[in-house]
> 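Take this structure, written in structure tokens, and hold onto it; I'll ask about it next.
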Amino acid sequence: MDSVSLTLGEARDLALRCLLHNGCDQDNAAAAADRMIEAEADHCHSHGLFRLPWYVGGVRSGRVNGAARPSVEQLAPGVIRVDGDGGFAPLGQRVAHGPLVECARAQGIAALGFVNMFHIAALWPEVEALANEGLCAFAFTASYPYVAPAGGKRPLFGTNPMGFGWPRPGGTPMVFDQASSAMARGEIQIAARDGKSVPETAGIGPDGETTTDPEVVLAGAQLGFGGYKGATLAMMVELLAGPLIGDFLSVESEQDDAGRGGPPKGGELLIAMDPARFGDEQGFLAHGERLFEAILEQDGTRLPGQRRHESRAVTAREGIRIPRSLYVEIEALLA
Ligand code: NDP
């Protein structure tokens, strides 16, 4: 692949300039650029600079508020709502972190509903940040209808990821973050872009037949991971990130976009628990480590998040490579 090498600083500067040039103010552009570069740094390309043209399209169309000022509201002792003011999610997430940590420590458990925001991306940054504070955390979000319900042929659920973080003594927390679909949408789009095939479990074409052609899956419907079990989790995530917090289902988000093809508007539910308040303040960390040690004793295992953290160390030294076609596209957005 013809590619361009960038340091993380250069990549951030490119994203920042592009967002500023296309209608975001400094706070919104910086938060979104930081989030994209965190994804690039961890080799999660489908949430990195690949998304920048999509973001720019959202602001240029006037649909996304590039000067959003998210607001925080305490709805109940353990429930917070953050209204993203129609901007991109990263600034709202930045604003929400402190109040959620404070509330979880005070209450033992706290939930935060993000509403009125565009494109909640990968979930690991939120849960990792909470686990770095010593909290145990969950995150859920929906998007656009891409995944068929079990037995169905038409997309209804988002690829609806779930993130989970657990603190570890003196090290990076254990974090997993996964779609409830067999493949993340962005990975299928990248396979289509790069002319690669996808596994048969990824989805079905408009005719309902399985296929390995990513273009046909994109035109048809994705499938949940593990058959109906992934689909039930996708349904749960729809309910938690939509009706529970007063934001869109994936189908409603698509209707709201009205064919403009911009990033999805929707919500995210975060739940943070302070393990120190659950009865084993002195022992929970060591107890959790016993489980991780037992996993790692077995050949062939690793902890979720390990690949990302290893990638982070590599990209800090060596920078990143992005496809030249993407670089050219971004440069054009700066013209
Ligand atoms: P993956 O299937 O690549 O990975 C899922 C999780 O499993 C990761 O935490 C990963 O850790 C871990 N893992 C992978 N292999 C192993 C292994 N052998 N042993 C132990 N753990 C392992 O993720 P997805 O493709 O499902 O999702 C990719 C990203 O896309 C996520 O960040 C998700 O939030 C995002 N997404 C966002 C959506 C949205 O609408 N906003 C929709 C769908 C997905 P590691 O990272 O270290 O490999």
Side-chain angles (χ1 to χ4, degrees), residues 32 35-36 38-48 50-51 54-55 88-90 92-93 114 117-129 131 137-147 155 157-166 172-191 198-199 201-203 214 222-226 229-230 233-234 237-238 240-242 247-251 253-254 257 262-270 291-292 294-296 298-315:
R35 189 48 59 90
M36 278 178 218
E38 278 176 325
E40 289 288 351
D42 283 16
H43 285 154
C44 297
H45 303 298
S46 60
H47 294 284
F50 168 69
R51 293 290 183 193
W54 209 35
Y55 276 37
F88 290 121
Q93 289 162 335
F114 287 112
M117 284 190 212
F118 283 86
H119 196 235
I120 289 106
L123 302 179
W124 57 261
E126 291 95 279
V127 289
E128 186 170 311
F138 297 91
F140 308 91
T141 192
S143 55
Y144 282 151
Y146 297 135
V147 175
F157 307 133
T159 45
N160 294 4
M162 293 153 278
F164 175 74
W166 178 266
T172 46
M174 193 295 296
V175 169
F176 76 74
D177 173 16
Q178 61 195 38
S180 47
S181 54
M183 273 183 88
R185 186 79 173 176
E187 298 298 337
I188 298 182
Q189 290 168 327
I190 286 176
V198 293
T201 47
Q222 291 182 237
L223 293 174
F225 72 80
K229 292 185 183 178
L233 287 173
V237 173
E238 288 281 329
L240 294 178
D247 211 306
F248 289 145
L249 296 168
S250 294
V251 282
S253 185
E254 187 181 53
D257 181 61
K265 187 175 188 187
E268 177 181 20
L269 176 71
L270 276 180
L291 178 66
F292 300 141
I295 292 169
L296 295 172
Q298 298 193 25
D299 285 344
T301 62
R302 70 165 171 94
L303 292 184
Q306 185 185 322
R307 176 199 61 82
R308 282 191 306 98
H309 292 135
E310 287 171 0
S311 299
R312 199 176 292 177
V314 171
T315 57

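Along the sequence shown, residues carry numbers from 1. Counting convention: from 1, in listed order, for ligands and their atoms alike.
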> Checking a contact table here: which protein heavy atom is nearest atom 32 (O) of ligand 1, and how many Å away?
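For atom 32 (O) of ligand 1, the nearest protein heavy atom is Asp177 OD2, 2.5 Å.
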> Identify, for atom 28 (C) of ligand 1, the protein heavy atom at the shortest distance, and state residue, atom and that distance.
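Sorting protein heavy atoms by distance from atom 28 (C) of ligand 1 puts Ala184 CB, 4.2 Å first.
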> Relative to ligand 1, is Ala121 under 4.0 angstrom through side chain, backbone, both or neither, heavy atoms considered?
backbone
> Give the residue and atom name of whichever protein heavy atom lies nearest to atom 12 (C) of ligand 1, and the separation in Å to one decimal.
Pro304 CB, 4.0 Å
> Nearest heavy atom to atom 41 (N) of ligand 1: which of Leu303, Asp42, Ile120 does it belong to?
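Checking each option, the heavy atom nearest atom 41 (N) of ligand 1 is found in Ile120.
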> Provide, to 0.1 Å, the distance between atom 43 (C) of ligand 1 and the closest protein heavy atom, together with that atom's residue and name.
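Checking every protein heavy atom, the shortest distance to atom 43 (C) of ligand 1 gives Thr159 OG1, 3.2 Å.
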> Examine ligand 1 and decide if any of its atoms is less than 4.0 Å from a heavy atom belonging to Gly305.
yes
> Just going by heavy-atom distances, which of Arg307, Arg302, Gln178 is nearest to atom 14 (C) of ligand 1?
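The residue whose heavy atom sits nearest atom 14 (C) of ligand 1 is Arg302.
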> Which bit of Ala122 is near ligand 1, meaning a heavy atom under 4.0 Å away: side chain, backbone, both or neither?
both
> Heavy-atom distances under 4.0 Å are what count here, so tell me which part of Glu187 touches ligand 1: side chain, backbone, both or neither.
neither
> Could you find the nearest protein heavy atom to atom 38 (C) of ligand 1 and give me its residue, atom name and distance?
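Looking at atom 38 (C) of ligand 1, the protein heavy atom closest to it is Pro161 CG, 3.4 Å.
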> Quick one: look up the protein heavy atom nearest atom 40 (O) of ligand 1 and list residue, atom name and how far away it is.
Ser143 CB, 3.5 Å
> Within 4.0 Å of atom 3 (O) of ligand 1 (strictly less), any protein heavy atom?
no
> Does any N or O atom in Asn160 lie less than 3.5 angstrom from one in ligand 1, N or O only?
no
> So, are Arg307 and Glu310 salt-bridged, with charged N and O less than 4.0 Å apart?
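A salt bridge is absent here (no side-chain N lies under 4.0 Å from a carboxylate O).
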> Should Ala179 be counted as touching ligand 1, given the test is an N or O pair under 3.5 Å?
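In this structure, Ala179 places an N or O atom under 3.5 Å from an N or O of ligand 1.
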> Salt-bridge test for Arg51 and Glu40: reply yes if a basic N is under 4.0 Å from a carboxylate O, no otherwise.
no
> Looking only at distances, please establish whether an N/O atom of ligand 1 is found under 3.5 Å from an N/O atom of His47.
yes
